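Worksheet for the structure shown next.
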Amino acid sequence: MKLKDKCALITGAGSGIGKAIAQAFARAGAQVAIADLNMGSAQAVAGEINSSGGIAHSIQMDVTSEDQVNAGVAETAAAFGALDVLVSNAGIQIIHPMIDFSFADWRKVVAVHLDGAFLTSRAAMRLMIPQERGGTIIYMGSIHSHLASPNKAAYVAAKHGIIGLARAVAKEGAKYQIRSSVICPGFVRTPLVEKQIPAQAQQFGLTEEEVIKNIMLRETVDGEFTSMEDVAATAVFLAGFPSNALTGQSIVVSHGHFMQ
């Protein structure tokens, strides 16, 4: 029960990595607010956690909406009495060559990843500071926070930006005992990645199996996808870490795809 008595808010927790983190947090003893654009998905995950003996609350949240983010963070505090951990996880992916990337698609990707990270962090810090009990903010980065791939200009730019934001939060939050960190997974077989496989196969003239082997997993040490459990375990570790030793750092979880 590493997170016993902790209250956490996780965005994009209706599916994929966010759901896995929410479930792991609940098993570790945290009360968890499940925030997602799809309220039905959020309710389903919260229901699963509650039926398993955990404590969860569902919140509909568009992380690009300042009003919805502020309301969702306030709702979390009202439901649990405090907010100790924020996991900024919500994300989307749009793939185009740079010369074909519309400004509208660029703005969609950057808004969800980077604007969403800013808005949720600001709202969380505004709540954590007067609580005077510190806090932890965990961002979902990517190996693309450190490297680049073709056709992912917006995603790469946003994920690089998240590392900068986390470092700024670490500096400003330190005097309030608010820590920040970034988890940078390799390819995880989420619905987001599943959609990329046929798209990249078409773009590069490869089979889907070749995309997986020769593009996604080529640089790993074992030819394996990073699992949701790998990422969730890292999030639990960071949420329960007892000091500022790791604040402002990015933790790469990629089966050796990228090594710092």
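As the structure is a prediction and not an experimental result, all values here were calculated from the model.
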- Evaluate side chain to side chain contact (heavy atoms under 4.5 Å, CB included) for H57 paired with I59, printing each intermediate quantity in order. CA-CA 7 Å; H57 179 75; I59 296 172; 3.6 Å; yes

- Item | Test side chain to side chain contact (heavy atoms under 4.5 Å, CB included) applied to K159 and L114, step by step | CA-CA 8 Å; K159 289 301 189 184; L114 200 49; over 6 Å; no

- Message: Before you tell me yes or no, could you show the steps for K108 and I92 under side chain to side chain contact (heavy atoms under 4.5 Å, CB included), namely the whole-Å CA-CA distance, both residues' side-chain angles and the distance that decides it to 0.1 Å?
- Response: CA-CA 8 Å; K108 286 178 187 176; I92 62 170; 4.2 Å; yes

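Of the residues I95, D100, I94, the one that meets the side-chain contact (heavy atoms from CB on, under 4.5 Å) test with D105 is I94. For the salt bridge (Lys or Arg N to Asp or Glu O under 4.0 Å) with D84, the lone residue among K4, K6, R133 that qualifies is R133.
Linking Ile, Leu, Val, Met, Phe, Trp and Tyr residues whenever their side-chain heavy atoms come within less than 4.5 Å places I251 and F25 in a single cluster.
At least one donor-acceptor pair under 3.5 Å links the side chain of Q68 to the backbone N or O of D62. A side-chain donor-acceptor contact under 3.5 Å links T226 to the backbone of V253. In this structure a side-chain-to-backbone donor-acceptor pair under 3.5 Å is missing from S52 to G54. Judged by distance alone, the side chain of T234 and the main-chain N or O of D230 form a donor-acceptor pair under 3.5 Å. Looking only at distances, no side-chain donor or acceptor of N89 sits under 3.5 Å from a matching main-chain atom of I10. A distance-only check finds a donor-acceptor pair linking the side chain of T11 to the backbone of A90 [under 3.5 Å].
Remark: I143 CD1 to E219 CD distance equals 9.0 Å, nearest 0.5 Å. Summarising the geometry, atom CZ belonging to F258 is positioned 9.5 Å from atom OG belonging to S145; distances are rounded to the nearest 0.5 Å.
Salt bridge status for E210 with R218: absent, with no side-chain N to carboxylate O gap under 4.0 Å.
Using modelled atom types and a 3.5 Å distance limit, the side chains of H144 and S149 yield a donor-acceptor pair.
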